[in-house]
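Notes follow the structure.
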Amino acid sequence: MTTLYASFADRIGAILDDLQASGALPAGLDRRNVAIEPPRDPAHGDLATNAAMVLAKPAGTNPRALAELIVPKLAALPEIASAEVAGPGFINVRLTEQSWRDELAGILASGGDYGRSAAGRGTRVNVEYVSANPTGPMHMGHCRGAVVGDALAALLEFAGYAVTREYYVNDAGAQVQTLARSAHLRYREALGETVEIPEGFYPGDYLIPIGQALAAEFGNAYVGKPESEWLDLFREKTVAAMMDMIRADLALLGIAHDVFASEAAVQKAGKVDAALDRLRGEGLVYEGTLEPPKGELPDDWEPTEMTLFKATAFGDDSDRPVRKSDGGLTYFGTDLAYHAQKAETADMLIDIWGADHAGTVKRIKAAVQALTAGKVAFDVKLVQMVRLLRGGEPVKMSKRSGSFVTLADVVREVGKDVVRFTMLTRKADAQMDFDFAKVVEASKDNPVFYVQYAHARGRSLHRRAAEAGIDLAPAADLSLLDAEELALVKLAAQFPRIVEGAAQAHEPHRIAFYLYDLAAMFHALWNRGNDDPARRFLLSDKPEITRARLALSDAIGQIIRNGLGVMGVTAAEEMQ
RNA sequence: GCGCCCGUAGCUCAGUUGGAUAGAGCACGAGCCUUCUAAGCUUGGGGUCGCAGGUUCGAAUCCUGCCGGGCGCGCCA
């Protein structure tokens with residue numbers, strides 16, 4: 001269905017067309033800045049447009065005069081109760097109560113599709129997120145990016161984009177070689193040797209079963225043999241096992257990627273040379289030396305020739321090496337080719353990165369621009385660190401011993417829904433505290449609980465109505481709803497535009513904040529029943545009113561389910 | 001030294017991509033409720049949107065310069 005706001009945009013557009021046809025307005029006005037919005041102050045009505053203010057100057061008139069031309073045409077529309085000029089030239093519109101009742105009926109009729117949008121027009125967007133190194137289990141450092149990326153993917157899908165969820169497996173660098181060597185130690189251990197894990201190796205216990213599996217598969221075939229005989233094999237086997245473990249961890253959060261792209265495969269397929277050759281042909285890749293870094297000069301600085309990408313041509317501060325002076329690829333060199341690969345099948349790329357990689361955003365943006373001639377939109381979303389607390393005290397973590405807070409532990413303790421919702425209660429680039437005590441608290445301070453509670457209240461209404469013997473089959477008479485109840489419908493009706501705005505801005509946290517506001521207003525309405533029993537949702541002796549109020553409650557519940565669905569959170573049937 | 005992110009109520013944060021008198025929760029003040037329509041409700045005080053300019057009908061939002069905080073800074077991943 002078209003949203004209320006979109007349909008009014010059409011109507012304003014038609015009115016402007018009329019005014020242009022009749023010569024009251026010049027042709028060819030740029031209408032891109034014309035907005036239809038709910039005013040912040042409800043006293044200003046249900047909808048407001050700035051059309052007169054934006055168009056007055058190019059039309060050679062003044063805002064109020066132009067508004068006076070538009071208002072009568074608006075007021076003539078059947079669903080409009082009043083339209084008036086206000087302030088510097090805003091046009092404030094009040095809709096009839098009937099249009100809000102229609103909107104409520106529309107929410108219920110649309111069900112799980114309410115808020116779904118075609119705004120994305122099927123644009124193919126590739127969202128790459130998590131992409132944790134396959135050297136161990138997922139820990140809490142990965143968690144926020146995982147949730148933000150997954151929710152963003154779902155949000156874009158809901159808003160009409162064709163989404164691919166992708167994970168980039170860094171299986172080619174020095175770290176996975178260290179992993180393979182660490183696994184080889186565990187393999188020897190499994191065969192009876194007493195081993196010590198040297199500094200710089202991966203010490204975690206999770207490699208013990210890998211070593212046992214390798215021992216079971218290969219016996220002692222690779223004991224005392226040079227690395228050249230086993231390193232690649234052990235790397236592949238161990239990375240595969242790590243990825244199984246990571247997939248299992250992600251599954252706990254309800255995350256499943258469509259594509260796992262291998263760094264080694266990108267190199268093996270010759271994509272790096274292809275991309276670099278192409279750029280070399282355009283003069284964007286060359287052999288050269290870098291300027292020394294500004295500020296303190298490292299003691300051992302000496303200019304060396306290597307292969308560089310001309311990132312400065314696209315606004316970066318320095319050109320960036322794609323091949324080291326020894327001819328080996330840099331991480332960036334392969335990453336550049338990997339983005340070219342993604343761009344082959346997408347109109348838009350989104351990367352979710354930890355904020356500690358902020359320094360490399362410019363070069364990869366430069367690369368994508370160079371590789372796609374600016375035709376593929378590209379956004380890097382930086383996700384800030386999460387501080388883990390328990391009752392206000394920082395959770396101690398020791399990296400050295402290899403013991404860190406794993407994602408699996410946290411999900412086990414507080415549950416998937418709490419983790420996901422909490423990760424979306426801040427915008428991604430703001431730091432966040434995750435307090436084990438607070439996120440499970442049953443109080444208004446905890447948005448997770450508050451939203452779930454609103455939904456559960458609505459569900460319990462049905463159970464209680466059944467107990468009270470109320471027949472819910474007949475259609476609800478929505479004319480029985482009062483002004484306060486319709487005010488809740490007005491907030492509910494904003495869900496579609498919240499979805500579109502959040503999708504366009506790549507900000508899934510907006511859904512969480514909106515749901516909190518919606519829940520708060522629903523609770524306030526519910527609480528009226530404490531002071532005045534006649535205003536309760538459930539009145540056992542008044543089935544007509546109960547049916548109308550249940551329709552309202554159902555609509556709110558539907559939107560909460562739809563919103564939580566985008567966030568990957570299950571709506572609670574009841575609070576325990 | 002350079003670059004990126006940030007600076008909004010005492011605290012934690014929103015702010016509909018430039019809209020009207022800048023909001024919420026916590027905390028604080030006052031009143032109410034003692035309830036399974038439960039895990040609270042109503043209400044009040046509280047602001048130089050870091051500072052100073054600029055852009056325009058209009059700026060927390062965009063531009064420039066300062067101040068303050070975080071992160072990053074030759075071939076690492």
Side-chain angles (χ1 to χ4, degrees), chain A residues 5 33 35 37-41 43-44 48-50 52-54 56-57 62-64 86-90 92 133 135 170 172-176 263 289-298 300-308 316-335 354-362 382 384-385 425-427 429-433 441-447 449-450 453 457 460-461 464 494 497-498 500-502 504-505 507 509-510 512-514 516-517 520 523-524 526-531 533 535-538 575:
Chain A
Y5 297 93
N33 291 325
E37 299 178 323
R40 215 194 316 259
D41 184 349
H44 292 142
T49 178
N50 59 358
M53 289 186 292
V54 173
K57 197 170 193 182
N62 74 71
R64 292 196 64 104
F90 284 102
N92 289 337
N133 282 333
T135 54
N170 297 130
Q175 291 185 11
V176 284
E263 181 184 8
T289 56
L290 285 173
E291 297 286 309
K294 299 286 192 295
E296 285 177 61
L297 193 65
D300 56 347
W301 170 268
E302 47 187 82
T304 325
E305 180 152 296
M306 56 200 129
T307 309
L308 299 169
D316 201 356
D317 320 294
S318 165
D319 290 345
R320 304 295 177 179
V322 290
R323 281 192 186 281
K324 299 180 258 189
S325 46
D326 67 5
L329 285 165
T330 64
Y331 180 86
F332 173 62
T334 310
D335 204 24
D356 51 334
H357 290 80
T360 59
V361 170
K362 274 190 180 177
L382 296 178
Q384 272 289 351
M385 297 300 282
T425 54
R426 284 289 118 90
K427 63 182 166 200
D429 56 15
Q431 288 186 49
M432 169 162 87
D433 289 349
E441 198 175 272
S443 78
K444 188 176 180 175
D445 319 348
N446 180 3
F449 167 80
Y450 207 56
Y453 184 26
R457 267 185 163 166
S460 88
L461 263 180
R464 289 169 197 270
Q494 289 191 40
R497 54 178 268 121
I498 298 290
E500 285 186 7
Q504 200 186 342
E507 291 188 346
H509 75 278
R510 292 191 190 184
F513 279 92
Y514 168 77
Y516 180 81
D517 288 343
H523 286 308
W526 181 280
N527 286 327
R528 297 190 317 176
N530 286 330
D531 301 329
R535 307 182 88 175
R536 295 181 174 194
F537 277 72
L538 177 57
M575 311 306 291

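Throughout, a chain's letter reflects where its sequence line sits, starting with A, and its residues are numbered from 1. No hydrogens, no waters, no symmetry mates; every other heavy atom, side chains included, goes into these values.
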Any side-chain N or O of Arg320(A) less than 4.0 Å from the OP1 or OP2 oxygen of G74(B)?
no
If you check the Asn527(A) side chain, which of C41(B), A77(B), U12(B) turns out closest?
C41(B)
If the cut-off is 4.0 Å, is Asn530(A) near the phosphate of U42(B), judged by side-chain N/O to OP1 or OP2?
no
Nucleic acid footprint by protein, nucleotides 5-11 of chain B - heavy-atom cut-off 4.0 Å, B for base, S for sugar-phosphate alone:
-S-----
Nucleotide of A77(B), U12(B), A39(B) approaching Met575(A) most closely (side-chain heavy atoms)
A39(B)
Check the interface with nucleotides 18-22 of chain B: list each N/O to N/O pair with the protein under 3.5 Å, or write none.
unit_1: G19(B); atom_1: N7; unit_2: Asn50(A); atom_2: ND2; d: 3.4
unit_1: A20(B); atom_1: OP1; unit_2: Arg40(A); atom_2: NH2; d: 2.8
unit_1: A20(B); atom_1: OP2; unit_2: Arg40(A); atom_2: NE; d: 3.0
unit_1: A20(B); atom_1: OP2; unit_2: Arg40(A); atom_2: NH2; d: 2.1
unit_1: A20(B); atom_1: N6; unit_2: Asn92(A); atom_2: OD1; d: 2.6
unit_1: A20(B); atom_1: N1; unit_2: Asn92(A); atom_2: OD1; d: 3.2
unit_1: A20(B); atom_1: N1; unit_2: Asn92(A); atom_2: ND2; d: 3.1

Of all the choices, G3(B), G40(B), C75(B), which nucleotide is nearest to the side chain of Asp317(A) once you look at every atom?
G3(B)
Looking at C75(B), does its base get a donor-acceptor pair with the side chain of Thr330(A) below 3.5 Å?
no
In Watson-Crick or G-U wobble terms, with both distances under 3.5 Å, the base opposite G3(B) is C71(B)
Donor-acceptor pair under 3.5 Å, Tyr516(A) side chain vs A24(B) base
no
Could you tell me how far C62(B) sits from G69(B) if I compare only their C1' atoms? Round to whole Å.
23 Å
Taking any strand in view, what nucleotide pairs with A38(B) in a Watson-Crick or G-U wobble way, both distances under 3.5 Å?
none
Side chain of Lys324(A), heavy atoms from C-beta onward: which of A77(B), G40(B), U42(B) has the nearest atom to it?
A77(B)
Show the distances under 3.5 angstrom between N or O atoms of the protein and N or O atoms of nucleotides 54-56 of chain B.
none

Under 4.0 Å, heavy atoms only, any strand: does His509(A) hit a base, just the sugar-phosphate, or nothing?
sugar-phosphate
Base paired to G29(B) (Watson-Crick or G-U; both N/O distances under 3.5 angstrom):
U43(B)
Look at all strands and tell whether Ser325(A) reaches a base, only sugar-phosphate, or nothing, counting heavy atoms closer than 4.0 Å.
base
Quickly work out the Leu290(A) CG to C76(B) P distance and round it to whole Å.
11 Å
